[in-house]
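Notes follow once the structure below has been shown.
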Amino acid sequence: MVRTRIAPSPTGEDLHIGNLYTALLNWTWARKNNGAFIIRIEDTDRTRLVPGSEEQILKTLAAFGLSPDEPFCRQSERLSIYHEYVEQLVDKGHAYYCFCTPERLDTVRKEQIAQKKQPKYDRHCLSLSPNEVNEKIERGEPHVIRMKIPEGKTTFHDVIHGDITIDNATIDDTILLKSDQFPTYHLAVVIDDHLMNITHVIRAEEWIPSTPKHVLLYHMFGWQLPVFVHTPILRNPDKSKLSKRKNPVWSSWYLAQGYLPDAILNYFGLMGWSHPEGKEIFNRDEFIRLFDIKDIQSVGPVFDIAKLTWMNGEYIRMMDLSQLTKKIHNFFGDRYSIELTKQIVPLVQERIKTLQEFDTYSSFFLAAPAAYEQDLSAQRDLLISIAGRLDSLTDWTAQNIGYVLEELAREKSVSNSKLFMALRIAITGKKITPPINESMVTLGKTESIARIKKAAE
RNA sequence: GCCGUCAUCGUCUAGAGGCCUAGGACGACACCCUUUCAAGGUGUAGACCGCGGGUUCGAAUCCCGCUGGCGGCACCA
């Protein structure tokens with residue numbers, strides 16, 4: 001049975017968008033194989049813990065419909081398990097206690113760098129006798145447990161990258177258990193993935209360099225290796241790893257902007273993977289059916305928000321009116337009444353790319369413009385004529401409005417373009433708006449004419 | 001610096017030796033439509049497949065080297 005997982009750290013304000021991408025891949029692979037997708041909170045870094053982060057991450061995942069098949073777990077509640085296993089490693093001679101202070105470590109590292117050598121622990125504490133170790137522990141000296149990297153080379157297979165070999169000499173005697181008795185990622189991830197029967201470790205490729213450590217640990221424990229799948233990492237436009245300095249990275253930011261979960265996930269489906277028929281728009285079921293981890297490309301794609309925005313617009317366009325109306329009304333709370341929303345949605349559905357954009361198109365329905373995007377001083381006479389003509393209109397429909405205004409333009413020898421632009425600015429204050437005649441119907445005759453007269457002042 | 005990894009239009013990608021004078025999508029641009037801006041429709045430009053060698057009758061596709069990008073080198077994950 002296929003079992004996948006994602007292992008977010010509650011050290012940020014929300015789920016990182018890159019983690020959402022990995023979550024999608026893991027979730028999809030589990031779904032495709034009728035397996036299980038689980039969430040494990042990796043909260044072993046007590047200093048970077050952010051309150052509320054875990055809750056937000058879980059909430060975001062749920063909002064995207066990537067819910068786990070089992071209750072989530074926290075590494076901080078599994079400390080005794082890590083202690084038990086790391087002791088096994090010490091007993092077998094695969095790990096050792098280290099009492100070096102951070103200051104000494106720092107000094108050693110700086111010397112190594114100055115000598116242009118690779119910064120690596122110098123195994124200062126490896127020579128300690130068992131008695132010395134016991135004495136130091138009894139005395140309460142702070143200590144960590146380090147992995148004793150054996151000589152040789154380590155090779156592992158990755159579904160996307162093929163065989164990867166690393167010389168063990170380049171691997172540091174990594175800390176497995178920190179002085180606060182919490183495990184480091186390397187120890188915890190191996191133990192948990194094994195104990196939780198994870199079959200496929202699908203994670204970002206930034207983990208490739210530390211995978212040999214994990215492989216070594218599996219060997220030391222005598223455990224079977226999972227399948228490793230190192231996925232490309234999403235990039236900023238400058239190709240660096242996606243970061244919050246250069247891009248919005250918190251998943252719920254996209255939700256708050258009015259991007260739809262399905263559109264975002266569909267967009268991610270195009271990152272490093274492509275539909276066999278070249279289709280751009282496809283739903284989750286189709287993705288599950290066609291997706292295969294072996295087809296993922298190894299290049300790190302740039303996260304292109306312009307294409308995401310286009311795709312989101314396509315999703316909005318595909319929604320039926322009542323569904324979209326409900327969604328927009330919920331999105332804005334009481335800012336737009338359900339009745340008003342219902343009237344506006346048909347006017348803007350084709351043009352909005354995000355739910356948030358609804359507001360930029362529609363805010364003039366709520367209040368008369370406070371400012372005009374274009375100067376109307378040269379159009380006063382024209383506006384007054386428009387107001388007069390509309391005032392005499394008895395049947396207030398979009399068609400009639402269009403008819404009389406077109407007639408007015410002809411009489412005045414003014415281009416439609418000019419007349420309607422002046423009207424548009426007068427009514428909405430903006431240059432880009434929903435169809436103006438229909439908008440005026442929604443706004444009502446009295447209000448519309450009042451706005452035109454005001455603009456002519 | 002050391003280790004690893006990757007390399008097709010600005011971006012996402014198709015391409016697994018001849019179907020490629022390299023296809024699609026986003027974006028850009030142009031035109032059309034039009035009771036208007038936008039939206040929509042149509043079309044155009046855009047990669048000599050990072051560079052240099054090889055293998056082959058034939059290479060974007062295979063091999064080698066180089067260069068460049070990216071990632072990693074914490075008591076962070």
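Because only heavy atoms are used, hydrogens play no part in the values below, and waters and symmetry mates are left out as well, while side chains stay in. Chain identifiers are assigned alphabetically (A, B, ...) following the order of the sequence lines, protein sequences preceding nucleic acid strands; residue numbering begins at 1 within each chain.
- In this structure, A:I160 and A:I293 have side chains that are not in contact, with every pair of non-hydrogen atoms separated by 4.5 Å or more.
- At a threshold of 4.0 angstrom between heavy atoms, the contacts of A:Q399 include nucleobase atoms, whether or not backbone atoms are also involved.
- Counting non-hydrogen atoms under 4.0 angstrom, A:P102 reaches a base of the nucleic acid.
- Under a 4.0 Å N-O distance rule, the pair A:K412/A:E407 does not qualify as a salt bridge.
- Using a 4.0 Å heavy-atom cutoff across all strands shown, A:F182 reaches no nucleic acid atom at all.
- Judged by the 6.0 Å and 45° rule, A:R40 forms no cation-pi pair with A:F72.
- Across B:C12, B:U8, B:A77, the shortest atom-to-atom separation from the side chain of A:T44 is found for B:A77.
- Contact check for A:F420 versus A:I436: side-chain heavy atoms found under the 4.5 Å cut-off.
- For B:G68 and B:C75, the C1' atoms lie 36 Å apart once the distance is rounded to whole Å.
- Scanning for salt bridge (charged side-chain N to carboxylate O under 4.0 Å, His left out) contacts around A:D122 gives A:R104, with sequence neighbours left out.
- Nucleotides B:C31 and B:A38 place their P atoms 12 Å apart, quoted to the nearest Å.
- Within 4.0 Å of A:S9, counting heavy atoms only, lie sugar-phosphate atoms of the nucleic acid but no base atom.
- Residue contacts shown for A:M271 are limited to sugar-phosphate atoms, with no base heavy atom under 4.0 Å away.
- At a threshold of 4.0 angstrom between heavy atoms, the contacts of A:I436 include nucleobase atoms, whether or not backbone atoms are also involved.
- Inter-residue side-chain proximity for A:W273 and A:L290 is flagged as met; some heavy-atom pair is nearer than 4.5 Å.
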Exercise for review: Would you mind building the protein contact string for nucleotides 21-27 of chain B? One character per nucleotide, 5' to 3', B for base within reach (heavy atoms under 4.0 Å), S for sugar-phosphate only, - for untouched.
Suggested key: ---BBS-
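- In the set B:G40, B:U13, B:U35, the nucleotide with an atom closest to the side chain of A:S274 is B:U13.
- Nucleotide B:C57 forms a Watson-Crick or G-U wobble pair with B:G18, both donor-acceptor distances falling under 3.5 Å.
- One interatomic measurement links the two molecules: NZ of A:K120 to P of B:C3, which rounds to 12 Å at whole-angstrom precision.
- Of the side-chain N and O atoms in A:K430, none sit less than 4.0 angstrom from OP1 or OP2 of B:A38.
- Comparing A:D295 and A:N400 by the nucleotide of RNA chain B whose heavy atom lies nearest to each, the residue mapping closer to the 5' end is A:D295.
- For the P atoms, the distance linking B:G46 with B:C33 amounts to 27 Å, nearest Å.
- Base contact: A:T433 has a heavy atom under 4.0 Å from a base atom.
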Point to revise | Heavy-atom protein contacts under 4.0 Å, nucleotides 61-74 of chain B, coded B base, S sugar-phosphate only, - none | key: --------SSBSSS
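- To the nearest whole angstrom, the two C1' atoms, one in B:G15 and one in B:A7, are 15 Å apart.
- The nucleotide B:U35 finds no pairing partner, because no Watson-Crick or G-U wobble arrangement with both distances shorter than 3.5 Å includes it.
- Atom NZ of A:K418 is separated from atom P of B:C37 by 15 Å (rounded to the nearest Å).
- Figure legend: A:K136 and A:F99 shown as a cation-pi pair, the cationic atom lying under 6.0 angstrom from the six-membered ring centre and within 45 degrees of its axis.
- Residue A:V144 is in base contact, counting any heavy-atom pair closer than 4.0 Å across all strands shown.
- Using a 4.0 Å heavy-atom criterion, one finds that A:I208 contacts the sugar-phosphate atoms exclusively.
- The partner of B:A74 is absent, by the rule that a Watson-Crick or G-U pair needs both atom distances under 3.5 Å.
- No donor-acceptor pair under 3.5 Å is formed between the side chain of A:N247 and the backbone N or O of A:V249.
- Remark: B:G65 base-pairs with B:C51. Criterion, Watson-Crick or G-U wobble with two distances under 3.5 Å.
- In this structure, a donor-acceptor pair under 3.5 Å is absent between the side chains of A:Y267 and A:D304.
- Taking only side-chain atoms of A:D45, from C-beta outward, the nucleotide of B:A39, B:C76, B:U35 with the closest atom is B:C76.
- Minimum atom distance to the side chain of A:F420 is reached by B:U35, of the listed B:U5, B:U35, B:C12.
- Judged by distance alone with a 3.5 Å cut-off, no donor-acceptor contact links the side chain of A:N416 to the base of B:U35.
- Across all strands shown, the partner of B:G43 is B:C29, judged by Watson-Crick or G-U wobble contacts whose two distances both fall under 3.5 Å.
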Check your understanding: When you look at A:L66 and A:R284, which way does the side chain to side chain contact (heavy atoms under 4.5 Å, CB included) test go after all the steps?
Key -> CA-CA 11 Å; A:L66 302 179; A:R284 283 184 214 204; 4.2 Å; yes
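- The side-chain heavy atoms of A:Y97 and A:C125, taken from C-beta on, include no pair separated by under 4.5 Å.
- Nucleic acid contact class of A:R203 (heavy atoms, under 4.0 Å, all strands): none.
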Exercise for review: For the pair A:L58 and A:L15, evaluate side chain to side chain contact (heavy atoms under 4.5 Å, CB included) and give the outcome as yes or no after the intermediate values.
Suggested key: CA-CA 8 Å; A:L58 262 13; A:L15 183 71; over 6 Å; no
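- The same atom, P, is picked in B:U8 and in B:G40; the two are 30 Å apart, to the nearest Å.
- Closest contact between the side chain of A:R351 and the listed nucleotides B:A38, B:C76, B:U11 involves B:A38.
- Comparing B:C19 with B:A59, their C1' atoms sit 15 Å apart, to the nearest whole Å.
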